[in-house]
Every structure is written in C-alpha cells, then in structure tokens.
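Have a look at the structure below before the remarks.
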Amino acid sequence: MDPNTASSSGTHALSLRVMRLTKPAIIPSWPLQAEKQDYCGEELLAFKNKDIACVEGLANYPYGEVLTVPQNFGSIYLGETFSSFVNVQNESQQTVRDVVLKTDLQTSSQRMPLSNPTGQAMVSKLVPGDNISEVINHEVKELGGQLLVCTVSYINTSGEKQMFRKYFKFQVLKPLDVRTKFFTTQEEEIFLEAQITNTTPHPLHMQKVLLAPSPLYNATDLNFLPSGESIFSESDYINPDDTWQYLYKLTPKMVQDDRNNVKGVSSVGKLDIMWLSNFGEKGRLQSSQLQRLIQPQGELVVTIQSMPHFITSKEQFQVVLRLSNTTDRKYNLHITLSQLQGSGLVWAGDIRKVVGELPPCSNLNVNLDILPIKSGVWDVGEITIENLLTNKRFNYPSVGQILVGLT
C-alpha cells in the first residue's frame with residue numbers, strides 16, 4: 001500500500017510496512033488462434049503450448065492453472081473483511097525501547113481503533129534487525145473513501161520519545177445493488193420482492209438471502225420448491241450484471257381491528273445476504289430496515305372469502321364476500337347488483353339484498369349466486385352497497401375475476 005507519512009522528525013530508527021492480505025489471482029492465458037496450415041502455424045501452436053498459463057488439453061481456455069500474488073491493492077467491497085499485515089522493522093544500529101504500534105480506521109462518519117486501543121507498548125526492547133508484526137481484520141460496513149492510520153512510537157537511545165504516522169487510503173465499492181418492491185393483494189396478503197444485482201466484475205456464490213422480519217410480521221420464504229430444494233439450486237453463481245429475484249410473503253401479527261388503526265409507515269424487517277467471491281472470501285450485507293407505506297383503508301372493505309378459480313359455462317356457482325366495517329360507527333347495509341356491459345356472467349336470484357346492521361370494527365359474509373353464460377375471463381361485479389343510515393353509497397366495479405371454460 002502506498003502511504004502518506006507524517007512524523008515528528010525527519011529520520012527514524014524504525015520502518016513501517018503494510019501489506020493487504022488477500023487471495024491470489026489466476027494468470028490468464030491468451031489463446032493464439034492458429035492452424036497448422038497457416039503461415040508459421042506450427043510454430044505458433046508450439047509457442048502457445050509452452051505458455052505456463054495454458055491448461056494441457058484446453059489450449060483455448062482463457063484461464064490457466066497458475067496463481068500469482070496480487071500486484072496492487074485491488075478492490076474492497078462493502079460487507080467483506082479487510083485484512084492487512086502490519087510490520088515494524090528496526091533498520092538502525094541502535095536498540096530502541098517501548099515500541100508502540102497502533103492502527104485506526106477513519107471513515108466518513110467515525111474513527112475506530114483496529115488494534116492496541118490503549119496504546120500499550122508491544123515490546124520493551126527492539127534490537128537492530130528485529131521486528132514486530134500483527135494482522136488486523138475489519139468487516140467493512142461503510143461505502144466510500146476510508147483511511148487506515150498506523151501510528152508508531154518508541155524511545156531512542158537518547159531517551160527521547162519518537163513518533164510517526166502513515167496513512168493508507170482506499171475506496172470501498174458496492175458489491176450488490178438491492179431493490180425491493182411491495183405488493184398487496186385484495187385479500188391483504190403482502191409480498192416482498194427483492195431484486196439483487198451483482199455489480200462486481202466476478203461471479204459470486206450466493207450462500208443465503210434471508211428476510212429477518214420485524215416484530216410486527218411473520219415471514220415465509222417462497223424461494224424453495226415443495227421438495228425443499230432452492231429454486232436457484234441448478235446454479236447458485238450470480239454472474240456480473242445479472243439480477244436475481246427473491247420473493248417473501250409477510251403476514252401481520254396484529255389482529256384486524258389493530259391493523260385498521262395503523263397508518264403511515266411500517267417497519268417490515270431486514271434482508272441478510274451472504275456470499276462467497278472467487279477464492280472463497282466471505283461477504284455479508286444487511287440492509288437497512290425495510291419500510292412499507294400502509295395505505296389507509298376505506299370505510300367499508302369488500303374481500304372475497306370463497307370463489308372457484310375455474311368454472312364451466314352454464315354451471316351456477318356461489319361467491320362469498322366479506323364486508324368489513326373499519327369505522328367506529330354502525331352501518332345498515334343494502335346491496336344492489338348491476339350487470340357489467342358485455343360480461344359473460346349474470347347474477348342469479350334477487351339483484352337487491354338487505355344485509356342489515358354491521359356493528360363498528362366488525363365483519364359479516366354475504367353469499368351471491370352467479371351463472372356463467374360465456375367462456376373467458378370475466379370480472380365479478382358491479383356491486384353497489386348503500387348505508388341506509390347516511391344514504392352513502394360504495395361502488396365496487398370488480399371484486400375479482402374468474403375463468404369460465406366451455407361445457
């Protein structure tokens with residue numbers, strides 16, 4: 001690592017070196033496309049086969065079997081563990097005393113000690129040619145520029161305390177781009193879709209992507225087949241710039257009456273993501289608290305409790321609707337059923353029904369009979385509900401859909 005140095009005097013008896021500990025890299029092989037009948041074809045093929053990075057039997061494969069030590073600092077990604085080897089060497093001809101080595105990490109928001117936070121002397125005496133060293137590890141949790149600060153102090157032969165610092169700058173990059181979407185069905189089922197994109201130049205082995213729900217919700221992971229096998233089991237490597245989608249179902253722990261009083265933003269939970277990079281380096285990210293905007297419910301909520309998904313033409317069926325009064329006022333309800341223009345469904349029976357009283361924060365079920373007359377996908381509606389106490393009307397053009405097949 002290339003340092004910037006600040007010291008209390010010009011020359012020091014000790015020297016400081018910092019090396020990042022990372023996995024080796026594969027030396028790429030650059031295939032030469034040549035055939036024997038080409039001009040100098042045999043010579044080119046022989047030259048290619050002598051390449052130490054060329055895999056025997058796979059001459060055109062771009063990656064070889066030879067590893068090399070990284071020649072530069074490389075990239076550091078959010079969620080990975082930053083490891084460095086710090087070495088202090090006595091390169092003078094004098095013995096120094098009370099050598100202190102202290103390392104800190106400066107980010108945009110804080111400064112945190114990585115080693116020797118109390119500043120205790122690591123050795124009482126360091127003779128010429130001797131050295132002290134340590135390995136520091138830190139899980140990177142912030143993006144952007146960061147500064148590794150190494151401070152060395154000691155007492156020379158004259159009894160003077162000497163000190164110098166070196167600064168090592170590096171950038172922390174984002175390995176994954178995470179986007180989330182919420183979907184709510186008419187039955188008030190809540191689904192969370194997480195889209196995860198690999199923004200690194202290398203494939204990543206996705207170990208797990210879990211949703212840790214908040215105390216307000218229970219979460220169901222929908223990324224597994226009924227057999228228990230993951231839907232990503234065939235290939236758990238996400239390639240650069242690829243996006244994977246994960247789906248979770250959320251169930252509120254509150255009863256319906258409590259949910260009716262909740263407005264604004266609700267904390268859903270956090271995504272916990274773990275992966276392995278090329279040579280098995282572990283990475284982990286935890287998202288911030290995911291928040292869902294709770295839409296205010298209407299005064300009268302109509303949901304389907306029971307309805308077939310498929311029915312044949314001319315076969316009468318029944319729909320069970322649940323009417324929920326979300327207010328603190330009593331309702332006296334009357335239902336009017338209207339025919340949608342061009343619909344393949346007709347109401348069977350009386351198109352006007354007296355529901356009766358519906359107390360505050362309560363619900364009741366209403367049974368409706370329908371006769372399908374044409375095949376296709378049809379909306380169930382139109383339904384108008386009137387509160388006879390206030391003459392207020394609630395109109396529902398469609399409460400659901402059904403597929404009608406041929407007889």
Side-chain angles (χ1 to χ4, degrees), residues 1-25 67-173 175 277-283:
M1 300 174 68
D2 297 328
N4 295 320
T5 306
S7 60
S8 58
S9 62
T11 304
H12 288 278
L14 305 181
S15 64
L16 172 69
R17 294 179 177 86
V18 177
M19 181 178 68
R20 183 189 174 193
L21 298 179
T22 185
K23 301 290 184 179
L67 302 179
T68 180
V69 176
Q71 302 301 307
N72 52 42
F73 185 74
S75 301
I76 297 180
Y77 292 97
L78 185 69
E80 293 184 343
T81 299
F82 170 66
S83 300
S84 287
F85 176 78
V86 184
N87 178 266
V88 176
Q89 176 88 20
N90 186 353
E91 296 184 345
S92 69
Q93 300 301 316
Q94 56 178 305
T95 299
V96 298
R97 296 182 294 110
D98 298 337
V99 180
V100 177
L101 171 61
K102 187 174 182 293
T103 57
D104 300 278
L105 186 66
Q106 178 70 54
T107 69
S108 59
S109 62
Q110 60 180 329
R111 179 166 179 159
M112 63 192 77
L114 300 183
S115 69
N116 198 7
T118 59
Q120 296 291 326
M122 299 183 65
V123 292
S124 59
K125 182 173 64 174
L126 193 65
V127 300
D130 206 353
N131 67 84
I132 57 173
S133 60
E134 64 178 356
V135 175
I136 57 174
N137 297 287
H138 173 70
E139 184 179 349
V140 181
K141 298 181 179 180
E142 290 187 36
L143 288 170
Q146 300 193 14
L147 195 66
L148 180 65
V149 182
C150 299
T151 305
V152 178
S153 65
Y154 61 95
I155 298 177
N156 60 18
T157 53
S158 303
E160 298 177 349
K161 186 174 182 178
Q162 301 289 317
M163 185 272 290
F164 65 93
R165 289 191 180 96
K166 286 189 177 181
Y167 305 92
F168 303 89
K169 296 180 180 179
F170 60 91
Q171 288 285 330
V172 177
L173 308 176
S277 56
N278 281 354
F279 283 90
E281 299 101 327
K282 292 183 178 180

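In this structure, the side chains of E139 and E80 stay at 4.5 Å or more apart for every pair of heavy atoms. T81 places none of its side-chain heavy atoms less than 4.5 Å from the side chain of K282. Looking at heavy atoms from C-beta onward, L148 lies in side-chain contact with F170 at the 4.5 angstrom threshold. Contact check for R97 versus I155: side-chain heavy atoms found under the 4.5 Å cut-off. Side-chain contact between R20 and I76 is present, with at least one heavy-atom pair separated by less than 4.5 Å.
For the atom pair CZ of F164 and CG of L14, the computed distance is 6.0 Å after rounding to the nearest 0.5 Å. Going from atom CD1 of I132 over to atom CG of L101 covers 5.5 Å, rounded to the nearest 0.5 Å. Residue S108 holds its OG atom at 12.0 Å from CG of L147, rounded to the nearest 0.5 Å.
The side-chain contact (heavy atoms from CB on, under 4.5 Å) test with Y154 is passed by exactly one of V88, D98, V123, V99: V99.
Among all heavy-atom pairs drawn from I136 and L114, the shortest one is CD1-CD1, 4.0 Å. Y77 and V172 make their closest contact through C-CG1, 4.1 Å (heavy atoms, listed as atom of the first residue, atom of the second, distance). Minimum interatomic distance between E142 and L78 (heavy atoms only, all atoms of both residues): N-CD1, 3.3 Å. Across all non-hydrogen atoms, the minimal contact from Q89 to G129 is NE2-O, 3.0 Å. Closest non-hydrogen pair, A13 versus N90, comes out as O-OD1, 3.4 Å. The shortest non-hydrogen separation linking T95 to P128 is OG1-CD, 3.5 Å.
Residues F82 and H138 place their aromatic rings such that the two centres sit no closer than 6.0 Å.
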Q: Assess whether side-chain contact (heavy atoms from CB on, under 4.5 Å) is satisfied between Q171 and L143, documenting all intermediate values.
A: CA-CA 8 Å; Q171 288 285 330; L143 288 170; over 6 Å; no
Q) Going through the checks in order, is the side-chain contact (heavy atoms from CB on, under 4.5 Å) test met by M19 and V86? A) CA-CA 7 Å; M19 181 178 68; V86 184; over 6 Å; no
**Q.** side-chain contact (heavy atoms from CB on, under 4.5 Å) between V149 and R165, worked out
**A.** CA-CA 7 Å; V149 182; R165 289 191 180 96; 4.0 Å; yes
Q) For V100 and Q120, what are the C-alpha separation, side-chain angles and deciding distance, and is it a side-chain contact (heavy atoms from CB on, under 4.5 Å)? A) CA-CA 6 Å; V100 177; Q120 296 291 326; over 6 Å; no
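For the pair K166 (side chain) and L16 (backbone), a donor-acceptor distance under 3.5 Å is present.
Judged purely by distance below 3.5 Å, without hydrogens or angles, the side chains of T107 and Q146 never pair a donor atom with an acceptor atom. Under 3.5 Å, the side chains of S153 and Q162 contain no donor-acceptor pair of N or O atoms. Side-chain contact, S83 with N137: a donor N or O sits under 3.5 Å from an acceptor N or O.
Between R17 and E91 there is a salt bridge, since a side-chain N of the basic residue sits under 4.0 Å from a carboxylate O of the acidic one.
In Q110, the CD atom is crowded: over 12 heavy atoms of neighbouring residues, nucleotides or ligands sit closer than 6.0 Å.
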